[in-house]
There are 2 protein chains.
Amino acid sequence: MTRMDIQKIAQMAQVSRSTVSRVVNNQPDVHPEVRQRVLQIIRETGYQPNSAARSLRNKQSDILGLVICNTVGGLFTDPYFPQLTQGIAQSCNHYNKTLSLFLEGDPETIYPRLTRRGQLDGILLQVGNTDDTLVKKLMKTDIPFIVLGRPMQSGVSYIDVDNVSGGYLATLHLIRLKRQRIGAIHCSLLTTTGLDRKEGYLKALHERNIPIREELTAEGDYSEPSGYRAMLQILPHHPDAVFVGNDMMARGAIRAIQEAGLSVPNDIAVVGFDDLPPAVSASPLLTTIRQPISRLGACAVDILLDMIEHGPQPPQRVMMDVELVVRESSGERIA
Amino acid sequence: MTRMDIQKIAQMAQVSRSTVSRVVNNQPDVHPEVRQRVLQIIRETGYQPNSAARSLRNKQSDILGLVICNTVGGLFTDPYFPQLTQGIAQSCNHYNKTLSLFLEGDPETIYPRLTRRGQLDGILLQVGNTDDTLVKKLMKTDIPFIVLGRPMQSGVSYIDVDNVSGGYLATLHLIRLKRQRIGAIHCSLLTTTGLDRKEGYLKALHERNIPIREELTAEGDYSEPSGYRAMLQILPHHPDAVFVGNDMMARGAIRAIQEAGLSVPNDIAVVGFDDLPPAVSASPLLTTIRQPISRLGACAVDILLDMIEHGPQPPQRVMMDVELVVRESSGERIA
DNA sequence: TTGAAAGCGCTAACAC
DNA sequence: GTGTTAGCGCTTTCAA
């Protein structure tokens with residue numbers, strides 16, 4: 001079957017191209033019978049408008065870009081990214097937008113690919129660390145974009161989960177359980193995620209007048225083995241609880257604790273962050289902070305589409321609530 | 001800065017649009033001085049050609065589509081997909097192609113999005129199960145596509161890892177270690193992956209005249225908990241080894257074995273499949289089949305681009321080698 | 001070596 | 001309610 005275009009459809013239906021266009025775009029002012037005839041032919045021929053021509057004419061591609069770069073822990077070890085991507089993809093699908101994916105380490109090479117005129121209507125930007133090169137460059141363009149997670153750079157729209165509150169809730173939970181020596185394994189402090197969760201942890205300790213012990217604190221890179229290593233550092237200082245910056249590291253920490261002959265939660269209570277199925281489901285079931293990853297992605301798309309539709313707006317800041325999910329690893333209240 | 005187009009650049013450089021176009025596309029027959037002048041202005045203005053106009057004119061979008069749908073185990077639990085996606089994305093980047101992502105369950109809704117004229121130059125199709133609806137539909141179009149993994153449908157180009165050989169190698173390893181009662185936890189048999197790995201397992205047993213015991217076999221869905229449950233089914237029948245269809249399930253199986261008070265590898269040897277970092281790195285270190293996931297993605301892009309460039313070709317079938325990686329979970333040779 | 005001009009397929013004034 | 005027409009920004013004959 002030869003390639004269809006609007007002209008051919010018009011001829012077959014004995015109407016003008018405009019009329020076909022009107023039918024295709026569901027515009028009024030087409031005689032019902034004519035509309036049916038055109039629709040019928042479109043169906044028969046499997047005609048689909050050429051999207052390049054449409055983009056050119058409409059100055060809109062209906063393509064959104066998702067940039068994931070500079071992630072500290074890597075794309076592989078953390079199920080966070082698949083889940084986020086899935087949330088965004090579903091939302092794009094709902095709005096009949098195409099999603100283009102840009103995975104890369106180097107902002108310099110990714111930038112020109114993002115700014116090809118007419119290629120992308122808007123951009124979702126996941127910046128893994130505090131290097132805001134891409135954010136700064138994008139601010140100079142007229143492409144609407146929204147940052148996923150809190151950027152260091154101010155003056156841009158972003159959407160984030162309330163990481164401070166998450167760290168706070170997790171730590172407070174451990175305090176209420178009467179734990180005395182509450183340690184923390186932080187995500188990289190080069191990320192706002194790491195910074196914010198730590199801030200929540202410190203805030204809770206401070207509020208309850210619990211002294212902060214540096215030696216009960218270590219840093220990981222989001223991966224399971226890094227959680228294991230971090231726990232090994234803390235263990236000699238006899239923590240009775242630990243708040244871990246994400247679930248994967250929490251698993252590693254639990255492994256270290258158990259290998260040291262100690263019990264979770266009896267000897268050491270553990271709270272994670274993320275609530276991602278694969279990390280949570282092992283034994284003991286992980287007490288953790290649930291963040292609405294898919295919803296965050298979906299919400300980001302909503303905001304971005306709004307920005308695209310209504311032009312420049314003051315920077316938006318959206319915060320998604322987190323919640324504590326109590327399972328086994330934090331245990332019962334102790335004497 | 002007002003939006004640049006080729007016309008404005010031409011005016012500023014005092015040449016015609018054609019000349020600018022020649023410079024942009026690196027064509028010969030432009031006076032060196034003129035070329036420099038134009039290049040200079042392009043640099044100063046940050047001009048980038050409008051990609052919609054280009055696509056329209058060239059009948060090529062430089063966009064590749066990646067479809068991941070109908071996955072049995074879900075996108076979240078299996079690090080396979082991020083790794084594959086990353087391999088593909090890097091390769092696209094190398095060839096300066098844009099990658100569009102289509103994640104969805106329903107072939108009916110995804111199909112029209114894939115076939116928008118002029119939107120996609122070609123498609124990489126990851127079909128999770130034996131439902132080949134999308135493959136069949138795509139065969140009727142003129143869009144080049146390649147299937148990732150072996151499809152049920154014949155007559156299409158695909159690239160796959162040698163799953164049969166993987167199952168065979170894993171099982172043979174266990175046989176050589178003198179294990180007698182070798183069980184298997186299969187991936188869903190609705191996938192060719194599941195089918196092929198099982199075939200390799202059976203082939204090895206058969207070759208060495210080891211009786212096949214149905215009761216030592218169970219099925220999972222690629223997730224950790226499903227491996228755990230499957231192992232629970234097999235355990236009462238006293239296996240002394242088990243080949244597990246992927247690493248995540250292998251982790252679950254190990255957990256079940258250990259909770260039953262048995263040791264890996266002393267009581268039961270375990271071999272997985274995938275060699276994915278998060279699953280492999282826990283204790284005991286997992287013996288597994290390594291498949292070159294990133295390379296498969298990269299290779300798929302190569303083939304697809306070749307198909308796009310050189311038009312219709314007879315279906316290609318490419319097989320990637322796998323290898324056995326021996327670590328701790330399969331243990332030493334026993335008496 | 002360069003420029004003029006046609007046209008890729010579509011949409012939206014505008015005129016009828 | 002329908003058709004005519006003028007571009008959207010680019011590449012590429014073709015002629016100079």
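A, B, ... follow the sequence lines: proteins, then strands. Residue 1 opens every chain.
Proximity of residues 18-34 of chain A to DNA chain C (heavy atom under 4.0 angstrom from any strand atom) is restricted to A:Ser18, A:Ser21, A:Arg22, A:Asn25, A:Gln27.
Rounded to a whole Å, the CZ atom of A:Arg57 is 13 Å from the P atom of C:dC10.
Every residue two or more places apart in sequence or in another chain that forms a salt bridge (Lys or Arg N to Asp or Glu O under 4.0 Å) with B:Arg117 is listed here: B:Asp142.
In this structure, of C:dC10, D:dG9, C:dG3, it is C:dG3 that holds the atom nearest to the side chain of B:Val15.
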For this session: Any chance you could lay out the side chain to side chain donor-acceptor pair (under 3.5 Å) test for B:Asn93 and A:Arg113, step after step, and finish with the verdict?
Result: CA-CA 9 Å; B:Asn93 187 44; A:Arg113 298 164 52 72; 2.9 Å; yes
For this session: Go through A:Arg54 and A:Asn25 one step at a time and tell me if the side chain to side chain donor-acceptor pair (under 3.5 Å) criterion holds.
Result: CA-CA 11 Å; A:Arg54 246 190 185 172; A:Asn25 294 295; 3.0 Å; yes
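A:Gln40 pairs with exactly one of A:Arg43, A:Gln36, A:Arg37 by the side chain to side chain donor-acceptor pair (under 3.5 Å) rule, that one being A:Arg43.
Residue B:Arg117 is classed as having no contact, given no heavy-atom separation below 4.0 Å to the nucleic acid.
Look at A:Tyr47 and you'll find a side-chain N or O under 4.0 angstrom from OP1 or OP2 of C:dC10. Taking 4.0 angstrom as the limit, A:Lys59 places a side-chain polar atom (N or O) nearer than this to OP1 or OP2 of D:dG9. Contact between the side-chain N/O atoms of A:Arg54 and the OP1/OP2 oxygens of C:dT11 is found at a separation under 4.0 Å.
Counted within 6.0 Å of NE2 on B:His94, heavy atoms from surrounding residues, nucleotides or ligands total 12 or fewer; the atom is thus considered open.
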